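Beneath this line is the structure, given in structure tokens, with notes to follow.
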Amino acid sequence: MELQSKYDPSSTEDKWYAYWLEHNFFHSEPDEREPYTIVIPPPNVTGILHMGHVLNNTINDVLIRKARMDGKNACWIPGTDHASIATESKVVAKLKAEGISKEDLTREEFLKHAWEWKEKHGGIILSQLRKLGASCDWDRTKFTMDPDLSQAVINTFVYFYEKGYIYQGVRMVNWDPVGLTAVSDEEVVHKDTASKFYHMRYFVSDGKGNPTDKYIVVATTRPETIMADAAVCINPADERYHWLKGKKVLIPLINKEIPIIEDSYVEMDFGTGCLKVTPAHDVNDYNIGLRHNLQVLDIIDDHGCLNEKAQILIGEDRFVARKKIAKMLEEAGNLEKTEDYTSPIGYSERTDAVIEPKLSKQWFLKMDVLAKAALESVESGRIRLIPEKYRNTYRHWMETAHDWCISRQLWWGQRIPAYYLPDGSFVVAPSPEAALQKAQEKCAGITMDQLHQDEDVLDTWFSSWLWPISVFDAEMPGHPDHKPNRDLSYYYPTNDLVTGPDIIFFWVARMVMAGDEFMKEEPFRNVYFTGIVRDKIGRKMSKTLGNSPDPLVLIEKYGADAVRLGMLLCSSAGNDILYDESQIEQGRNFCNKIWNAFRLVKGWAVDETLEQSESSAVAVDWFNNKLNSVVAVVNDHFSKFRISDALMAVYKFFWDDFCAWYLELVKPAYGSPIDAATYNATVGFFEQLLKMVHPIMPFISEELWHAVRDRKDGETIMFERFPQAGEVNEALLQAFEQACGVVAGVRNIRQQKGISPKDSLSLKVVGDYDQTLSPVIAKLANVSNIEHLTSIDDSEAGVSFMSGTLKVFVPLSGLVDESEEIKKLEAELTYLEGFLKSVRGKLSNEKFVAHAPEAVVAAERKKESDAMSKIESIKKSLEILKK
RNA sequence: GGGAGCAUAGCUCAGUUGGUUCAGAGCGUCUGCCUUACAAGCAGAGGGUCGGGGGUUCGACUCCCUCUGCUCCCACCA
């Protein structure tokens, strides 16, 4: 069968993925081997594959396939995250399109829709990962809202509640007065908005609630909130206002007396330097209020209208009230001036309503003890962050960790297991039945109907932080005294985690906390941070920009192997990667190169009677040593997570060493057969190369591994042992290197002089030269004979060049332009003399000789003598030329 | 405003305790080749005072300070 000159991934990739699945190669069960475990960063259950996933999962797959080939029991757990906010908003949008509003549904009805949506759209992303070649153990696929995983979450809540780590508290949330819901920080968009800066007079009180004639000016953009003011704040260092210390001022219009307080939060050079503190309606003011123990007075209702606590303008919308109150202030003589002012205002992403900061009751998990342990896990080096710079970020987070707000005003997720009694008190229990029992202990005779479960669900991260534990043993997290099951004991801790630095705190740190708490052992050893995938000009990939290619289209066009290689080419750990389709083309080209190397080898006819040629014998010996040295380098790169370096080492080894040098050396003349020894060695090398390629490009390596030799059904390259480094004959590698230099030199002369590769030349060499390499030079440079001499006959016309300390002379009659040669040699001479001078400068420096290590000084001496011999040689050539 | 990081060839990046000819790789560019494995290829070549300035050192791309420019995270200015 004639093989095409282009590799066609579409005809092989699906075939081999099906083959791997059919033989259950990805599945892992505990055994006596060392485990190697990765849990997938669970993508959103209703998400679809984007370039970020491709990068992350390619790296994961490279690591897992490498470990598998290193003989470990490799297990990669796939799964999805319920992603409460993202999924719920998708379902809400879908219902809205059908004319159904969430408010019209009961919780149960809504959840039914949500589950239907999940069943229909969920897990698409996992099937897309198969296209990429991801070798996940699909039998172990998990979902963060699987019944057992959900129960683990509930149990964890109960556990921490009973431990005293969970409490209810008040927190400022982003309230959407139109959507009538709290929205997350991520759903708030800040837009510069034109507004007014109102400068108001607050009169100083005489101590009995009456105004004196003294006043201060307070500037605000929100005069409608003055009724909720709890204080006026100045910077303690502000001398302009020292006279105010300890005094009280009166809120305009309502004449309420409030204190002057001091806090360095206030910027002296912003506004008037006096800040009205309104704890209920501004986050910063709330925090100041906490420090100074101020009263919190909430005067705005859920719809954004003033309530009765405002005393005036009750029922007015906040923006209407703002205009009216400005007028009232002016009439009362309290408005000094208004200025135009532009400031960033938060808007709801979904309803475009201006966000109102609002206090609400939330559940919190104390972070102090957990964060301390998690910090220690990294500081001690038990967890390695790659690259290391993220240790700083991590430490910073852990040292300033705020308590974790774990409640969300949503329905999609694990509902908080707190059950309220009619008297307003509550019990926390892992199930309604258990809750009832506890409630009855508090209040005899109470029935299930009288219990009311908290409406909120838990933050999605409150389930994902258990992921490395719960995917193996969902019993474990809630029951720290529970003995881990077989899977958890075997696979935990996992080895490597691959994720983005943006969730270092949300996810990574919290998994460490859960691991420390429940397992007394970190959940992973190494965390590899990938960068963000950006487009060619550095913009984030986004739907609206339309600069995000569909990975499936790319796979269709170039093949998964090419896409994988293209993504890895430019991805050093922790750096953003600038994606460009040309990288994937490079991946495709490499596949094609491998394919054509295979075509060449496959096409050879073997003649068992043929003797191995000298050049082939040298080639095989050399390549064997080269293989050993490259394998050592590649393994070293892998062990340090230098994945793109490992990849590049393999790439160059295949392309340059194997194809450009080795194959060219052993290639028989067209139509001639090859000897058996060389053929067998070559096929063996090719197999080793395929194994080195496999973790990065699984499909083409499996395809050719089967094509290069007859294999039985059930055989796979996946479980072949990754090549191990052996002894390296450094002298041989160096000698070969030198020979390559000579070959390149001769080719260069051919190019310059316009000599066809078909015309053979002869060479004379002077200097240290390993003659065993002569056949190599002869074959690759098309040289008929090489003479190793002590000096060059000065009567002959020709061109010479230096390769290391070796002088190579190519006799050429009639083709030499002597003046050009002289110019070239003189330029080289000038360079070498300068070089020699600087080396001698170093060596004559007593301090250098005294301080520098022996080896460095020796190296300099070698440079000196090498340079001297080169200069000598060039001078001789010049003499000859100038005759 | 607080914190972190980056700046090396046209582009994307290496440069691993400061010392081998250390100024590198890949891609791109240029030149010559349709040489029966591969033009998605082969053979060659050019290209950077390592952002500016200062310091430490026998020696600095590498360590310290400073300036400039950029990026990210957090808090967002009443």
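We name chains A, B, ... by the order of the sequence lines, and we start the count at 1 in each one. Everything numeric in this text was worked out from a predicted model, so none of it was measured.
Checking the phosphate oxygens (OP1, OP2) of B:G3, no side-chain nitrogen or oxygen of A:N392 falls inside 4.0 Å. When the side-chain nitrogen and oxygen atoms of A:R747 are compared with OP1 and OP2 of B:G44, one or more of them lie within a distance under 4.0 Å. Considering only side-chain N and O atoms, A:K593 lies nowhere under 4.0 angstrom from the phosphate OP1 or OP2 of B:A37. The phosphate of B:C42 (OP1 or OP2) has a side-chain N or O of A:W655 nearer than 4.0 angstrom. In this structure, A:R750 does not reach the B:G32 phosphate: none of its side-chain N or O atoms is under 4.0 Å from OP1 or OP2. Between A:N284 and B:C76, a side-chain N or O to OP1/OP2 separation shorter than 4.0 Å is present. Between A:N589 and B:G41, a side-chain N or O to OP1/OP2 separation shorter than 4.0 Å is present.
Atom P of B:C6 sits at a distance of 22 Å from the matching atom of B:G10, rounded to the whole Å. The separation of B:G55 from B:G2, taken at their C1' atoms, amounts to 29 Å, rounded to a whole angstrom. Between B:A14 and B:A60, the distance separating the two P atoms is 24 Å to the nearest Å. Annotation: B:U62 and B:U17 have their C1' atoms spaced 11 Å apart (nearest Å). If you take atom C1' in B:G24 and the same atom in B:U16, they sit 14 Å apart, rounded to whole Å. As rounded to the nearest Å, B:U49 and B:A4 have C1' atoms that lie 31 Å from one another. Separating the C1' atom of B:U56 from that of B:C65 is a span of 11 Å, rounded to the nearest Å. Rounded to a whole angstrom, the distance from the C1' atom of B:U29 to that of B:C63 is 37 Å.
Rounded to whole angstrom, the span from the OH atom of A:Y394 across to the P atom of B:C72 amounts to 25 Å. Rounded to whole Å, atom C1' of B:A40 lies 15 Å from atom CD1 of A:I584. Distance A:E388 CD to B:U17 C1': 13 Å, rounded to the nearest Å. Rounding to whole angstrom units, CH2 of residue A:W661 and C1' of B:C42 are separated by 12 Å. Across the protein-nucleic acid pair, A:F654 atom CZ and B:G41 atom P stand 14 Å apart, rounded to whole Å. Summarising the geometry, the separation between CG on A:D759 and C1' on B:A43 is reported as 16 Å, rounded to the nearest angstrom. Rounded to an integer number of Å, the gap from A:I594 CD1 to B:G41 C1' is 15 Å. To the nearest angstrom, C1' of B:A14 lies 19 Å from CZ of A:F641.
Using cut-offs of 30° and 60° for the angle between ring planes, the A:W604 and A:Y679 rings count as perpendicular.
Residue A:C659 is in base contact, counting any heavy-atom pair closer than 4.0 Å across all strands shown. At a threshold of 4.0 angstrom between heavy atoms, the contacts of A:S582 with the nucleic acid are absent. Backbone-only contact: A:Q586 has heavy atoms under 4.0 Å from sugar-phosphate atoms and none from a base. Contacts of A:E399 with the nucleic acid, taken as non-hydrogen atoms under 4.0 Å apart, are absent. At the heavy-atom level, A:R642 lies under 4.0 Å from base atoms of the strands shown. Among the protein residues, A:G273 comes within range of the nucleic acid bases, having at least one heavy atom under 4.0 Å from a base atom. Among the heavy atoms of the strands, none lies under 4.0 Å from A:K862. Across all strands shown, A:K652 has heavy atoms under 4.0 Å from sugar-phosphate atoms exclusively, and none from any base. At a threshold of 4.0 angstrom between heavy atoms, the contacts of A:A867 with the nucleic acid are absent.
The base of B:A37 lies close enough to the side chain of A:E664 for a donor and an acceptor atom to sit less than 3.5 Å apart. Between the side chain of A:E860 and the base of B:U20, no donor-acceptor pair under 3.5 Å is found.
Using Watson-Crick or G-U wobble geometry with both donor-acceptor distances under 3.5 Å, B:C30 finds its partner in B:G44. The base-pairing partner of B:G24, taking Watson-Crick or G-U wobble contacts with both distances under 3.5 Å, is B:C13. B:G1 is paired with B:C74 under the criterion used here, namely a Watson-Crick or G-U wobble arrangement in which both key atom distances are under 3.5 Å. Across every strand in view, B:G69 sits in a pair with B:C6 that passes the Watson-Crick or G-U test at under 3.5 angstrom. Taking a pair to require two hydrogen-bonding distances under 3.5 Å in either a Watson-Crick or a G-U wobble arrangement, B:G59 remains unpaired.
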Could you walk me through whether A:K870 and A:E833 satisfy the salt bridge (Lys or Arg N to Asp or Glu O under 4.0 Å) test, starting with their C-alpha distance in whole Å, then the side-chain angles of each, then the deciding distance to 0.1 Å, before giving a yes or no?
CA-CA 10 Å; A:K870 280 189 202 178; A:E833 280 172 341; over 6 Å; no
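Nearest nucleotide to the A:K847 side chain, out of B:C38, B:C58, B:G32: B:C58. Proximity note for A:D282 (side chain, C-beta onward) versus B:G32, B:C77, B:C38: the nearest is B:C77. Candidate nucleotides B:A43, B:U16, B:C58 were compared by shortest atom distance to the side chain of A:F848, and B:C58 ranks first. Minimum atom distance to the side chain of A:N845 is reached by B:C58, of the listed B:C58, B:A78, B:G44. Distance from the side chain of A:T393 is smallest for B:A4 among the nucleotides B:G32, B:A4, B:C73. In the set B:G44, B:G26, B:G19, the nucleotide with an atom closest to the side chain of A:M648 is B:G26. If you check B:C77, B:C38, B:U36 against the side chain of A:Y670, the one that comes closest is B:U36. You'll find that the side chain of A:T220 is closest to B:A78, out of B:A43, B:A78, B:C76. Closest contact between the side chain of A:A744 and the listed nucleotides B:G44, B:G26, B:C38 involves B:G44. Across B:G19, B:G44, B:G15, the shortest atom-to-atom separation from the side chain of A:N748 is found for B:G44.
Side-chain rings of A:F685 and A:F658 stay apart, their centers remaining 6.0 Å or farther from each other. Ring centroids of A:F598 and A:W595 are separated by less than 6.0 Å, placing the two rings close together. Between A:F590 and A:Y651, a ring centre-to-centre spacing shorter than 6.0 Å is recorded. In this structure, A:H199 has its ring center under 6.0 Å from that of A:F197.
Counted within 6.0 Å of CD on A:E339, heavy atoms from surrounding residues, nucleotides or ligands total more than 12; the atom is thus considered enclosed.
Between A:K652 atom NZ and A:C659 atom SG the span is 15.0 Å, to the nearest 0.5 Å. Atom CZ of A:R391 sits about 6.5 Å away from atom CZ of A:R395, to the nearest 0.5 Å. Annotation: the span from A:K842 atom NZ to A:E864 atom CD amounts to 12.0 Å, rounded to 0.5 Å.
Summary of the strand contacts: A:S644 and A:V266 both lie near RNA chain B, and taking for each the nucleotide with the nearest heavy atom, the more 5' one is attributed to A:S644. RNA chain B is contacted by both A:Y651 and A:H851; A:Y651 maps to the nucleotide lying nearer its 5′ end (nearest heavy atom per residue).
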